[in-house]
Amino acid sequence: MALKNILNTQDAFTGEFPAAWAPDGLWRFNESEPEADDYLADSSGKDRKAYIHNWSGTTADMKTGNFGRYFQMNINNPSSEKTYLKVENDGSIFSSLGETIVVGGWMKPTTYSVGNTYTPILNTRYGSGQPIFYLSLIRGKPRIMLYNSSGSLILDTSVTPSFSLLNGYWYFIACVIKPNAKTAQYILGDKSSGTVWQSSVLTFTGELNRSCVADLIWGMHADSYWYAGGFDDWFLDCDSDLTADDLAEYFLESLSANGADLTGDVDALTTPDVVTLRATDSVYPSSGQLITAARVCGVTGNGRVSVKVDYSPGETSISLVETATSDDLSTWTEWQAVGANGELESPAKKYIKYRVTLTTTNTARTPTLTSISLYDNPKPLYTKLGYARPVILDSDGNVEAVLDNAYDIIVTSEINGVDELEFKLPFQDSKRAYIDNEKTVRIVRDTYRIRTITDDKEESGKAITTVYAEAAFYDLAYSVKKDEITFNADTADVPIAYALQGTDWDVGTVNVSTKRTWTCSEKNALAILRAVQNIHGGDLIFDNANRIVKLLTFSGEDSGVLFCYKKNMKSIQRVIDTTSLITRLYAYGKDGMTFASINGGNEYVQDTTYTSEIRIATLDCSNFTNPYQMLEYANMRLADYASPRISYVLKAMDLSVLTGYEHETWELGDTVMVKDDDDLNLSVKTRIVRREYNLQEPWNTVLELSTTLRELGDSSSRWDSAADTLESTDLIDSQEMKDLVPFNHLRNSRADSGLTYWQNSGFAVDAENGVSGTASFKCEGALNTTKSLSQTVTPANRQCYTFSAQIASENLAKGTNGQVGIEVTFEYEDGTTETRFIDLI
């Protein structure tokens with residue numbers, strides 16, 4: 001999968017002129033006001049600040065405009081206000097001209113500026129030495145003047161654009177000057193109409209002044225000629241690779257971007273290279289749409305869009321990503337949402353732009369968008385595993401070499417397990433040079449990273465290279481260190497998204513619907529993903545080519561394929577295993593929590609369907625903080641362990657590689673039929689859970705069906721030690737008890753005084769049934785209805801707080817999105833709030 005473009009810079013989100021194109025000066029004019037000494041910043045890194053002459057007492061102002069703020073001057077009476085901008089030349093600005101000078105920016109002229117005979121825009125006719133160029137308008141038409149080292153004009157020409165400049169409209173104007181080629185050319189763009197125009201190439205004789213040390217002056221000449229209007233995003237590059245076509249393309253690409261619109265709901269200016277919702281008085285809107293600048297698309301196969309965002313699970317998100325494409329930056333397709341796994345649904349054209357919707361349910365928080373990437377997944381050289389060969393890719397995902405002479409090519413993969421590739425190649429093969437550690441190998445649509453290369457020379461003198469490679473998802477084990485986090489009644493997509501933050505992987509389809517409250521202490525993305533699968537169930541699927549992670553209740557399908565002796569099955573082994581048979585399963589959660597109070601007083605679940613013999617094991621549930629969910633999880637695990645493990649290992653042939661048998665195709669995870677009427681009297685429908693596929697010899701493929709012979713629990717090697725630890729654990733230590741009792745800030749917490757101190761919506765008082773007293777609060781639930789009991793408290797400033805409640809949940813049935821728990825809203829000293837939900841069932 002090749003990266004075609006990535007939008008991760010401020011200009012991509014705002015449409016501003018790219019900083020990389022303006023190394024000699026970039027004046028954004030985004031300040032709300034100048035520095036104390038009336039200077040405006042230079043964003044090029046050269047610190048060439050622009051001084052405002054006559055800032056105070058004039059109409060000079062920083063206004064909201066095209067790209068954030070812009071500088072406005074001389075609106076009332078230019079001849080009396082006499083405001084202009086100046087950048088002092090320390091002698092270095094034009095010290096290295098190179099082949100090309102590009103200079104320009106955005107302007108918003110008034111009637112005064114487009115109607116006068118002479119209107120200066122930017123000139124170099126001040127300071128010591130002679131000028132080099134002078135950009136101006138003459139009766140509303142762009143004029144270029146170039147000078148030699150003696151100060152004489154070597155070019156003085158005006159051009160007539162295809163459109164007229166009007167009062168109060170935004171225009172992009174730039175000039176490309178080539179000292180060696182002795183040419184100059186204007187580019188002019190009208191933002192309101194999206195029209196861009198290029199002048200003819202102007203030629204001159206003589207030598208341009210290469211020793212210019214004059215200052216840069218915007219908006220004034222000879223203290224007699226003035227510019228009235230606005231300037232924004234001006235730039236200078238004195239040794240540029242840019243062409244007139246590049247500048248015209250920039251103008252057209254910039255038109256759609258809205259990240260710098262200060263009246264909009266998204267903000268791409270406050271933090272460089274980041275997009276958030278735009279806060280007003282520290283309050284974020286519930287949603288906002290970012291439209292990016294356009295970029296070259298370049299997709300030739302199946303495109304995929306990946307958006308990187310930091311977010312608060314359950315509160316902030318990117319709710320929608322859309323694309324539009326164009327061949328000419330003028331006519332665009334309709335906006336089209338990307339697919340569930342980021343698939344590009346817009347037709348492949350030359351250019352692409354994005355519309356991203358940011359949302360929040362907590363107005364104190366915002367999602368933070370950092371990049372949008374577009375990948376191209378070209379059509380693979382092979383469409384089936386059978387007879388495919390390893391393909392070496394370069395760092396951009398392009399094909400470097402096809403290893404035609406590779407042999408013993410084995411792909412080993414299993415459900416929720418390994419995915420590895422091994423093959424051999426003659427050491428003298430000419431394509432051996434393409435094999436190197438950490439390079440990417442593609443097998444049909446899957447990608448692997450080379451980890452081990454072994455070169456052997458046998459006694460016969462034959463030299464062989466053996467390669468071991470791991471699926472691309474193994475790299476997730478090397479992700480940035482993850483902080484401990486608690487998930488509250490979240491579906492699996494929330495912790496998966498957290499695991500993938502900071503990686504180049506995205507969340508795909510997640511149809512496992514279990515909700516879990518648990519604390520995740522795993523330190524890398526892959527470990528978290530494995531934990532999520534273990535806790536929520538389902539099949540964890542890694543789409544290595546597209547870098548997408550899915551969690552499916554069932555990853556395969558009923559293929560209809562029959563494996564039968566003397567047809568496509570060479571041998572079969574059936575294993576019936578009771579070494580891990582368990583009929584009673586204890587489970588202990590965080591801090592020794594059990595589910596005994598909701599399970600008839602038992603700390604275990606039991607299933608004696610297969611045998612009445614009690615065989616005991618302990619399940620490590622230390623991540624769980626919710627007993628209801630832990631009970632559900634324990635029952636799910638016991639269902640796997642309370643009967644024998646029956647596994648079938650067979651050598652089989654993939655008939656789908658043969659002409660006329662294409663329908664006999666099967667994949668890892670599929671359900672198939674295995675039949676042997678002769679000796680084993682076997683006819684069973686089962687599932688492919690592991691395969692060792694021989695690409696060179698598909699008839700020597702090894703399959704494992706039904707279930708792998710694995711051990712019990714999250715971390716079975718820790719059963720005994722976990723049980724020993726739990727036996728000596730105090731559930732609440734003495735200091736916690738001291739903190740717990742005296743500091744109950746809730747009033748009337750046992751309903752002794754009815755509903756006094758509580759705000760009630762749907763609760764009643766049961767005066768006869770209580771736990772620590774004679775009364776309690778009671779609520780009868782109703783579908784699609786929220787009932788609540790709330791109280792506001794002002795606690796002391798402490799580092800942590802404990803919420804304690806005892807609940808009864810007889811005959812409780814939750815709706816699809818039903819929740820039972822404690823919602824806590826924190827209000828901080830600065831007035832901001834944060835809401836958390838503690839799931840109880």
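As the structure is a computational prediction, the values presented were derived from the model and not from experiment.
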Assess the residue pair Arg516 and Glu632 against the criterion (salt bridge (Lys or Arg N to Asp or Glu O under 4.0 Å)); give the C-alpha distance rounded to whole Å, side-chain angles, the decisive distance to 0.1 Å, and a yes or no. CA-CA 10 Å; Arg516 296 284 184 259; Glu632 179 187 1; 3.1 Å; yes
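- The CD1 atom of Ile541 sits 5.0 Å away from atom CD1 of Ile415, with the distance rounded to the nearest 0.5 Å.
- A donor-acceptor distance shorter than 3.5 angstrom exists from the side chain of Arg687 to the backbone of Gly669, with no hydrogens or angles considered.
- Distance alone, capped at 3.5 Å, is enough to place a donor-acceptor pair between the Gln696 side chain and the Asp408 backbone.
- Looking at Glu470 and Arg449, no side-chain N of the basic residue comes within less than 4.0 Å of a carboxylate O on the acidic one, giving no salt bridge.
- Side-chain contact between Pro390 and Ile443: present, with at least one pair of heavy atoms (C-beta onward) separated by less than 4.5 Å.
- To the nearest 0.5 Å, atom CD1 of residue Ile614 and atom OG1 of residue Thr583 are 4.5 Å apart.
- Contact of the Ile409 side chain with the Leu421 side chain is registered, since non-hydrogen atoms from C-beta on lie closer than 4.5 Å.
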Note to self: If you apply the rule side-chain contact (heavy atoms from CB on, under 4.5 Å), what do you find for Phe595 with Val605, and how did you get there?
What the structure shows: CA-CA 10 Å; Phe595 44 62; Val605 291; 4.0 Å; yes
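- Two residues are said to be in side-chain contact when any heavy atoms from C-beta on lie closer than 4.5 Å; Tyr586 and Asn602 fail this criterion.
- Under the 4.5 Å side-chain criterion, counting only non-hydrogen atoms from C-beta, Asp506 is not in contact with Leu500.
- The backbone N or O of Glu780 sits less than 3.5 Å from a side-chain atom of Lys787, completing a donor-acceptor pair.
- Note: Lys523 NZ to Ile528 CD1 = 9.0 Å, rounded to the nearest 0.5 Å.
- Taking the charged nitrogens against the carboxylate oxygens, Glu422 and Lys424 have no contact shorter than 4.0 Å, which rules out a salt bridge.
- Contact annotation: the side chain of Leu385 approaches that of Arg691 to within less than 4.5 Å [non-hydrogen atoms, C-beta and beyond].
- Looking at Thr701, Leu695, Asn700 one by one, the single match for side-chain contact (heavy atoms from CB on, under 4.5 Å) with Glu697 turns out to be Asn700.
- Closest of all the heavy-atom pairs between Gly762 and Cys779 is O-SG, 3.9 Å.
- Distance check: Lys482 NZ to Glu522 CD gives 12.5 Å after rounding to the nearest 0.5 Å.
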Q) Taking it one step at a time, do Asn524 and Leu476 satisfy side-chain contact (heavy atoms from CB on, under 4.5 Å)? A) CA-CA 7 Å; Asn524 67 70; Leu476 290 171; 6.0 Å; no
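- The aromatic rings of Phe473 and Phe542 sit parallel to each other, their planes meeting at less than 30°, with 60° as the upper class boundary.
- Of the residues listed (Phe624, Tyr633, Phe487), the one engaging Trp518 in a ring pair (Phe, Tyr, Trp, His ring centres under 6.0 Å) is Phe487, and it is the only one.
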request  = Please step through salt bridge (Lys or Arg N to Asp or Glu O under 4.0 Å) for the pair Asp543 and Arg304, ending with a clear verdict.
outcome  = CA-CA 12 Å; Asp543 182 345; Arg304 186 176 77 83; over 6 Å; no
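- The two residues Pro627 and Thr594 come nearest to each other via the heavy atoms CB-O, 3.7 Å.
- Proximity of a side-chain donor or acceptor of Thr514 to a complementary backbone N or O of His536 within less than 3.5 Å is detected.
- Of all heavy-atom pairs spanning Glu484 and Ser521, the tightest one is OE1-CB, 3.6 Å.
- There is a side-chain donor-acceptor pair under 3.5 Å between Asn534 and Arg637.
- Note that Arg451 lies outside the cation-pi zone of Tyr474, set by a 6.0 Å cut-off to the ring centre and a 45° limit from the axis.
- Proximity of Val510 to Thr491: side-chain heavy atoms (C-beta onward) are nowhere separated by under 4.5 Å.
- At least one donor-acceptor pair under 3.5 Å links the side chain of Asn511 to the backbone N or O of Thr553.
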| message | I'd like to know whether Asn362 forms a side-chain contact (heavy atoms from CB on, under 4.5 Å) with Thr316, so could you lay out the CA-CA distance, the side-chain angles of the two residues, the decisive distance to 0.1 Å, and finally the verdict. | response | CA-CA 7 Å; Asn362 181 351; Thr316 63; 5.7 Å; no
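- When atom types are taken as modelled, the side chain of Arg690 and the backbone of Thr412 share no donor-acceptor pair closer than 3.5 angstrom.
- A pairwise comparison of heavy atoms in Asp504 and Arg547 identifies OD2-NE, 3.2 Å as the closest pair.
- The closest donor-acceptor contact from the side chain of Ser479 to the backbone of Ala477 lies at 3.5 Å or more, if one exists at all.
- Minimum heavy-atom separation, Lys515 to Gly818: NZ-O, 4.3 Å.
- Using modelled atom types, one side-chain atom of Lys308 and one backbone atom of Thr503 make a donor-acceptor pair closer than 3.5 Å.
- In this structure, CG in Asp766 is found 4.5 Å from OG in Ser776, a value given to the nearest 0.5 Å.
- For the residue pair Arg615 and Leu581, the shortest heavy atom distance occurs at NE-O, 3.3 Å.
- Taken to the nearest 0.5 Å, the OH atom of Tyr448 stands 11.5 Å off from the CZ atom of Phe423.
- Ionic pairing of Asp640 and Arg645 is not present here: no N-O contact between side-chain nitrogen and carboxylate oxygen is shorter than 4.0 angstrom.
- Judged by distance alone, with hydrogens and angles left aside, the side-chain atoms of Thr486 form no donor-acceptor pair with the main-chain N or O of Thr519 at under 3.5 Å.
- Put simply, the side chain of Val411 does not reach to within 4.5 Å of the side chain of Asp446, judged on heavy atoms.
- Side-chain atoms of Asn416 come within 3.5 Å of backbone atoms of Leu540 as a donor-acceptor pair (strictly under, hydrogens ignored).
- Tyr311 has its side chain within reach of Gln501: a pair of non-hydrogen atoms, C-beta onward, lies under 4.5 Å apart.
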